Trainee: 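The following block contains the structure, expressed as structure tokens.
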Amino acid sequence: MAPKPRPAAAPAAPATGAAAAGGDGAADGDKRTPTAYEQRVYRLCSAIPKGRVTTYGELAKALDPPSSARAVGQAMRRNPFAPRVPCHRVVAANMEIGGFTGSWGPEAASVKRKRAMLIEEGVPFGGDGRVGRACLVRAEELARLAAGKKGLAGGKGGAGE
DNA sequence: GCCATGGCTAGTA
DNA sequence: GCCATGGCTAGTA
């Protein structure tokens, strides 16, 4: 209950206890506030179109100050907004499914769920269990998508492209 | 000192 | 299979 709007810049408030837990609460947003870096990652992640995927590395390159795939993976793993933030659309560089909700590898139950979600969204899988390169969103395109989403105006002049 | 990564090397077939 | 990269958490002082 009481989805209190938290102060953007909560100075102290470690909110350790939070206890929360209170049964089925567990809604997203109750966990700790994502760092500025994580928020950038999530914003970019949200810009991945349905039916497409990107990789940890491409997402890292598309970040404002570019970072590493490893750091992106960590942010994904700690994503408190899943699946609202579609972290399931991020796969490994070799186009293998990757991980989901803390698990890694195609055998993990949660990862199978990830694959099911992607298939549902129209992402094609090859017989080897990898995602087709065709639907990969590269860093440049991802950055453009994110900018368009943020600006809403579509960027300069809009003409063409 | 961890990691939901990724690129490169070595070793084997 | 190894190790460099980047950001974060936990544990100490």
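This structure is a prediction, so every number in the text was calculated from the model and none was measured.
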Trainee: Tell me the interatomic distance from A:R113, atom CZ, to B:dA4, atom C1', rounded to whole angstroms.
Mentor: 14 Å
Trainee: What residue among A:I97, A:V90, A:V91, A:V137 forms side chain to side chain contact (heavy atoms under 4.5 Å, CB included) with A:V53?
Mentor: A:V91
Trainee: A:Y56 has an atom OH; how far is it from atom C1' of C:dA4, in whole Å?
Mentor: 19 Å
Trainee: B:dA4 P sits how many Å from A:M76 CE, rounded?
Mentor: 13 Å
Trainee: Does any nucleotide pair with C:dT9 by Watson-Crick or G-U wobble geometry, both distances under 3.5 Å, and what is it?
Mentor: none
Trainee: With heavy atoms under 4.0 Å as the rule, sort A:T35 into base, sugar-phosphate or nothing.
Mentor: sugar-phosphate
Trainee: For the CD atom on A:E140, are there more than 12 heavy atoms of other groups (residues, nucleotides or ligands in this structure) within a distance under 6.0 Å?
Mentor: no
Trainee: Distance check needed: B:dA4 P versus A:N94 CG, whole Å only.
Mentor: 16 Å
Trainee: Do other residues, nucleotides or ligands put more than 12 heavy atoms under 6.0 Å from A:R130 CZ?
Mentor: yes
Trainee: Go nucleotide by nucleotide along DNA chain B from the 5' end; which of A:A93 and A:Q74 gets its closest nucleotide reached first?
Mentor: A:Q74
Trainee: Using whole Å, what does the distance between atom P of nucleotide B:dT5 and atom NZ of A:K61 come to?
Mentor: 17 Å
Trainee: Roughly, in whole Å, what's the span from CD in A:E58 to P in B:dT5?
Mentor: 16 Å
Trainee: Tell me the partner of B:dA4, counting only Watson-Crick (N1-N3 plus N6-O4 or O6-N4) or G-U wobble (N1-O2 and O6-N3) with both under 3.5 Å; none if nothing fits.
Mentor: none
Trainee: Stepwise, does the side chain to side chain contact (heavy atoms under 4.5 Å, CB included) test hold for A:Y37 with A:V72?
Mentor: CA-CA 9 Å; A:Y37 171 78; A:V72 169; 3.8 Å; yes
Trainee: What is the separation between atom OH on A:Y42 and atom P on C:dG7, rounded to the nearest whole Å?
Mentor: 14 Å
Trainee: For A:F100, is the NZ or CZ atom of A:R113 found under 6.0 angstrom from the centre of its six-membered ring and inside 45 degrees of the ring axis?
Mentor: no
Trainee: Base, sugar-phosphate, or nothing for A:G57, non-hydrogen atoms under 4.0 angstrom?
Mentor: sugar-phosphate
Trainee: Touch check for A:G102, heavy atoms < 4.0 angstrom, all strands: base, sugar-phosphate only, or nothing?
Mentor: base
Trainee: Answer with base, sugar-phosphate or nothing: what part of the nucleic acid does A:Y37 contact at a heavy-atom distance below 4.0 Å?
Mentor: sugar-phosphate
Trainee: Rounded to whole angstrom units, what separation is found between the CZ atom of A:R70 and the P atom of B:dA4?
Mentor: 8 Å
